[in-house]
Amino acid sequence: MDIENYRKQCLAEIKAERRKSKKKVRKVSDYDFSQVDSEEDLLETISEMSLTGSDAKKNVPILLDMLTNSSLSGKVRMGAFNQLRLGDFHPVEFAPHKPAYTKALREIAEKAPKELRHTALEQLALDNDRYAQKLLRDGLENIRKPLIPSAKAVQLLSHDDHSSSRKIMRRLAKKATGNVRAEALRALSNDKLSIGMLEGIVSDKKESTTIREIAAMSLKNASPKRFAKAASNLVLDGHDDAKLRATAMSAITHNKDIARIVGKPSFIKSVKSVGSGAKSRLLKNSIRQFQASIRID
Amino acid sequence: MNIQIKFPKYDADGRTFVTWRPVEISLKVVDVQPGVTSIPVTLTSRTANQGGQLLFSRSLTHRGSDEISLNVRTGGTATKVWVGGKFPFASFSYGDVEIEARESISGELLGTHPLMVRVRKNANQLNNSERDRFLSALATLNGNGMGRFKNFRDMHVGGAPDIEAHGGFGFLPWHRIYLLDLERELQSIDSEVSLPYWRFDQAAPNLFKRDFIGVSVGGRVQFKHGHPLLNWVTDGVSGVLRGPGNGPNTVPSLRNENQTIALGGSSNPQFTSFAGMQGNPHGSAHMSNGTGWITRISTAPKDPLFFLLHCNVDRLWAKWQFVSNRHDPAAAGSYDQTGSGAPGNRPNDALWPWSGPKTPPRPTTAPGGTLAASPMTNAPGASPKIKDVVDYMGVVTHKNLMFAYDDVPFRN
Amino acid sequence: MTSASEIIERIPSVALAKGGAERLAEMLREDRKHFRGLSSKDAEWVRAHLFIMFELVEVPQAAIEQMKEDLRTSYSAPILVGISQALRSINCSQDEWRELLLKAQARIHGRDEYVEFEFSNPEIENGTTAHESITKTLSKLCPARVSCCTNSDTAKSSLSKKTIKLKPKELSEVAFEDQDSGIFSAAEILDGQDCLVAFFYTRCMNPEKCSLTITRLADLTKNRHETIGSNSLSILAISYDPDYDDPPELKRYGAERGFSFSDNCKLVRCTKGWSRLRRILQLRVGYGSETVNNHARELFLFTRKHMIHPLLPEMLGSLENLNDLTA
């Protein structure tokens with residue numbers, strides 16, 4: 001390819017784009033929100049409100065007002081919210097507005113319609129916000145009406161390993177069902193007191209493959225040694241689920257400490273034999289990757 | 001007689017790699033017949049499986065040709081010639097391209113040398129093998145407790161660290177090195193791997209699948225069974241939180257590539273204007289996922305998609321540099337030269353954390369150590385400064401950082 | 001477990017009782033029972049309420065030391081608001097406070113929030129941010145000398161802990177595992193030479209605490225001979241989180257901060273006698289259900305004569321001080 005021509009072609013495309021964009025330019029700073037014809041127009045205007053430089057000082061308060069204004073539609077409030085969330089990518093310019101933003105999020109985390117509420121709680125939880133963590137914990141412990149589905153609450157609480165929620169997670173891992181239990185099992189990564197329970201789930205063929213897979217991954221973090229044993233048993237058990245065996249093989253392949261524990265010649269030989277007899281493409285692929293990683297080492 | 005072809009750098013396995021940017025190689029005659037003072041030699045490249053192609057030239061230029069004829073002297077001095085990847089024909093695997101040296105008149109084959117034209121590619125267009133090698137290297141790095149997936153606790157806590165990466169014009173150089181650090185660590189596991197990019201202004205049906213970067217269900221990323229990233233762990237917690245914002249057919253609503261490049265201005269393009277892309281498309285791309293770790297800078301690197309997103313951000317900068325001719329780190333248009341930026345954001349500032357702990361107002365701790373070394377180049381050094389990062393292909397400075405993009409050629 | 005709100009509810013009555021100020025200061029200790037089981041954020045919240053109470057009662061010296069240390073390290077808006085407001089009630093116009101306050105204000109940039117304390121006391125200002133509160137306090141401290149920037153934050157003030165004389169065999173039950181999985185008794189590393197002992201944990205959320213401690217120790221390990229002269233000094237960093245901080249984790253954490261490991265310079269976790277060690281040293285560390293929920297920066301010099309001298313953690317930032325210490 002002729003590089004000069006390629007460059008000219010790129011420049012021509014950019015020029016055309018510039019021409020197209022010019023027609024669309026609209027002066028957001030002078031926009032009168034009371035004169036908006038349609039919700040669509042308003043949303044478009046909101047999406048053009050800059051949060052950089054001096055614009056932030058003017059636009060952030062307007063957007064915060066919209067976010068907390070319960071007379072506006074959920075769609076418009078969500079539009080304002082999404083625009084405000086962009087502030088996270090301008091941390092220095094957004095910093096003076098962070099307290100007001102956090103205050104608004106705490107307000108809507110309890111009171112706003114579902115989508116706003118969920119998003120606000122998530123944003124706060126990702127900041128390890130004390131207020132949000134309390135709302136989530138209280139919901140899971142039936143101290144208050146849950147503000148979001150339990151599985152999501154578990155997911156968000158477990159994001160912070162200083163949230164002191166382990167007792168709740170252990171209870172849910174034992175007693176809950178479905179996604180709540182799955183998320184609680186994930187949350188117990190690193191929990192030394194749950195190693196036995198996780199081992200039990202991994203080896204229990206009556207449990208679903210997904211639950212066993214999640215328990216296996218948490219066990220890997222909680223005790224690499226115990227996981228190594230459980231994973232090698234899985235890989236070599238011809239009667240067990242091929243998908244789960246593939247996952248176990250992959251986990252061994254991609255963690256040198258675990259591979260070192262299980263990677264004795266006898267295991268490698270047995271894996272070879274499993275690979276040659278396996279019908280599952282997933283399992284065969286995982287075994288191939290394991291064998292390739294041994295060669296690389 | 002044979003021709004020995006020698007590249008300037010090899011890795012521990014004796015392999016060598018090029019990008020679009022040519023490197024200078026040496027040709028030497030071995031087993032010389034008595035009385036022969038030089039041999040007419042023609043260099044060409046031979047491509048297997050529609051892989052990489054090469055261009056040859058007598059000097060550092062983008063105007064190389066498919067073959068070059070020259071007399072290789074038989075004395076002690078080696079004959080030098082430049083070779084680089086022929087844009088846009090990149091390799092898929094090592095050795096899918098090799099140099100052939102033939103006697104110009106008889107056509108007798110005198111020597112060969114395998115290599116790889118290794119560049120960063122569009123994730124949506126990787127073949128299965130490229131995809132799987134990348135995922136496997138990423139999972140291995142993560143599984144071994146390495147890589148810049150750690151240390152978030154010290155990176156995005158507000159105050160001084162935030163100003164380093166997101167506090168001004170240093171945003172693009174900082175992330176260029178962050179990605180290069182990761183890519184070099186991946187290449188130390190599998191040298192054929194490059195970081196792919198997520199072209200976020202287009203749909204990426206092959207990327208947002210269970211067998212690649214995963215599919216969001218209930219805010220949790222799901223992978224197929226046996227997928228290497230099922231093992232993904234950050235901060236001691238397994239799995240990835242990401243919203244359902246981007247499905248296989250989603251085209252995120254953000255500035256497209258041409259609109260982004262246009263930000264720099266037309267008659268006299270300026271980096272300081274182009275850097276406005278930090279909000280849109282960069283921030284918008286993060287946000288296009290709706291919810292999850294990737295939508296916050298403090299948690300975004302916990303999601304492997306983050307690295308593909310930022311690879312595209314860096315590609316956009318590289319492409320802007322190409323079309324605007326802005327590689328000279330000392331030129332006003334290539335970077336903010338006023339020196340008025342925040343500490344850590346000025347051309348002579350050593351990038352943190354690779355340069356170690358700083359004195360206030362810069363961060364006093366620096367987890368992660370120096371920049372990972374590459375067997376292919378010494379640039380930009382273990383503790384690069386911002387000005388070392390701008391000219392990544394060594395167009396002006398001749399310091400080649402040894403990465404390139406599949407759609408951004410070398411031009412000098 | 002008592003909730004944060006229940007603890008906070010008790011604070012005013014403690015403060016207003018006889019000897020309340022001293023009891024409040026004592027309640028700031030991170031290892032106190034009321035912090036047990038709380039999340040890190042709840043522990044911060046309780047501490048903030050303890051600090052704000054000092055706006056109403058006299059501030060004892062022990063609390064002053066705590067205030068300084070938190071101003072040096074805290075990323076918590078409630079804590080910084082609490083301290084900032086408490087400072088208004090004491091007669092402090094020293095430059096040292098202004099410098100600490102300004103540093104804290106810069107640190108909280110991007111993490112600030114409006115703080116609404118759970119007390120409804122007209123004397124306590126509610127609903128302010130750390131930035132606003134510090135600005136206001138600065139104006140009250142010494143408005144005429146705002147541009148002053150004397151560096152007096154050398155942390156030379158008195159210690160809240162006393163030197164401990166170790167009884168024979170007192171540490172005989174204590175054992176450690178180092179970053180290379182080497183197991184050794186406390187006596188093996190602490191007998192026969194002086195040892196600088198610091199505490200940390202790898203999951204610490206505050207880079208001004210554990211990460212900085214290890215970074216500073218790393219600097220010592222690299223320049224130890226120049227710094228310490230001919231004195232034989234070993235360096236031991238002990239994890240507060242022995243369940244999580246296994247040898248690979250310790251090794252990674254140290255290596256990433258440039259810690260130069262050797263026979264005399266190690267990162268370790270306690271594998272035996274952890275409770276005993278905590279008790280002997282009166283370690284200021286509290287735990288939630290997963291990990292540490294709040295802790296002080298702690299540094300000690302164990303001498304070959306079986307004395308344990310508590311040191312101010314800021315000393316690590318000044319090699320000169322360390323030289324004085326070993327001389």
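Proteins get letters first, then strands, A, B, ... in listed order; numbering begins at 1 in each.
With chain A as partner, the option from B:Gly290, B:Ala137, B:Gly168, B:Pro88 having the largest number of non-hydrogen pairs under 4.5 angstrom is B:Gly290. Heavy-atom pairs under 4.5 Å with chain A were tallied for B:Lys224, B:Lys319, B:His62, B:Lys86; the largest tally goes to B:His62. Note: A:Glu122 leads A:Glu122, A:Met217, A:Glu183 in heavy-atom pairs under 4.5 Å with chain B. Put simply, of A:Met1, A:Arg245, A:Lys15, A:Gln155, the one with the most heavy-atom pairs under 4.5 Å next to chain B is A:Gln155. Ranked by heavy-atom pairs under 4.5 Å with chain B, the list A:Ala187, A:Ala251, A:Ala246 is led by A:Ala251. Contact count versus chain B (heavy atoms, under 4.5 Å) is highest, among A:Ile214, A:Asn255, A:Thr253, for A:Asn255. The candidate with the highest count of non-hydrogen atom pairs below 4.5 Å against chain B, out of A:Gln123, A:Lys152, A:Gln289, A:His90, is A:Gln123. Comparing A:Met249, A:Glu93, A:His159 by how many heavy-atom pairs each has under 4.5 Å with chain B, the most go to A:His159. Taking chain A as the reference chain and counting heavy-atom pairs below 4.5 Å, the highest number among B:Gly243, B:Gly276, B:Gly265, B:Gly239 is found for B:Gly265. The choice from B:Asn231, B:Thr140, B:Thr295 that makes the most heavy-atom pairs within less than 4.5 Å of chain A is B:Asn231. Interface summary for chain A: among B:Ala139, B:Gly279, B:Ser324, the most heavy-atom pairs under 4.5 angstrom belong to B:Ala139.
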Practice task
Applying salt bridge (charged side-chain N to carboxylate O under 4.0 Å, His left out), run through A:Arg85 and A:Asp88 and close with a yes or a no.
Solution key: CA-CA 6 Å; A:Arg85 287 172 64 197; A:Asp88 197 48; over 6 Å; no
Practice task
Verify side chain to side chain contact (heavy atoms under 4.5 Å, CB included) between B:Gln278 and A:Thr52, making sure each step is shown before the conclusion.
Solution key: CA-CA 10 Å; B:Gln278 187 174 344; A:Thr52 57; over 6 Å; no
Exercise for the section: Quick one: do A:Asp127 and A:Lys98 satisfy salt bridge (charged side-chain N to carboxylate O under 4.0 Å, His left out)? Show the steps, please. Expected result: CA-CA 12 Å; A:Asp127 256 351; A:Lys98 191 75 192 289; 3.2 Å; yes
Exercise for the section: Apply side chain to side chain contact (heavy atoms under 4.5 Å, CB included) to the pair B:His166 and A:Phe89, showing each step before the final yes or no. Expected result: CA-CA 7 Å; B:His166 298 92; A:Phe89 297 95; 5.7 Å; no
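Looking at B:Asp201 and B:Arg255, no side-chain N of the basic residue comes within less than 4.0 Å of a carboxylate O on the acidic one, giving no salt bridge. Ion pairing between A:Asp240 and A:Arg212 holds under the 4.0 Å rule for side-chain N and carboxylate O.
At a 4.5 Å heavy-atom cutoff, B:Ser253 makes no contact with chain A through either its backbone or its side chain. Interface residue B:Ser284: backbone and side-chain heavy atoms are both found under 4.5 Å from chain A. Residue B:Asp407 touches chain A through both its backbone and its side chain, counting heavy-atom pairs closer than 4.5 Å. Contacts of B:Phe223 with chain A are absent, with no heavy-atom separation under 4.5 Å from either backbone or side chain. Heavy atoms of A:Asn221 lying under 4.5 Å from chain B belong exclusively to its side chain. Both the backbone and the side chain of A:Ile14 come within less than 4.5 Å of a heavy atom in chain B. With a threshold of 4.5 angstrom between heavy atoms, B:Leu230 approaches chain A through its backbone and through its side chain. For A:Ser286, the part lying under 4.5 angstrom from a heavy atom of chain B is the side chain only. Only the backbone of B:His227 comes within less than 4.5 Å of a heavy atom of chain A; no side-chain atom from C-beta onward does. In this structure, the portion of A:Thr209 lying under 4.5 Å from any heavy atom of chain B is its side chain and not its backbone. Heavy-atom distances place the side chain of B:Asn256, and not its backbone, under 4.5 Å from chain A. At a 4.5 Å heavy-atom cutoff, the contact between B:Arg63 and chain A is made by side-chain atoms alone.
No side-chain donor from either of A:Asp160 and A:Ser163 sits under 3.5 Å from a side-chain acceptor of the other.
Within 6.0 Å of atom CD in A:Glu115, 12 or fewer heavy atoms from other residues, nucleotides or ligands are found, so the atom counts as exposed in its surroundings. Under a cut-off of 6.0 angstrom, the local environment of NZ in A:Lys243 is sparse, with at most 12 non-hydrogen atoms contributed by other residues, nucleotides or ligands. Atom CG of B:Asn412 sits in a crowded spot, with more than 12 heavy atoms from other residues, nucleotides or ligands closer than 6.0 Å.
Annotation: ring-ring contact (aromatic ring centres under 6.0 Å, His included) contacts of B:Phe322 (sequence neighbours excluded): A:Tyr6. Partners of B:Ser238 under the side-chain hydrogen bond (donor to acceptor under 3.5 Å, both in side chains) rule, at least two apart in sequence or in another chain, do not exist in this structure.
The line from OG1 of A:Thr119 to CG of A:Asn82 is 7.5 Å long, rounded to the nearest 0.5 Å.
A donor-acceptor contact shorter than 3.5 Å is absent between the side chain of B:Ser136 and the backbone of B:Arg133.
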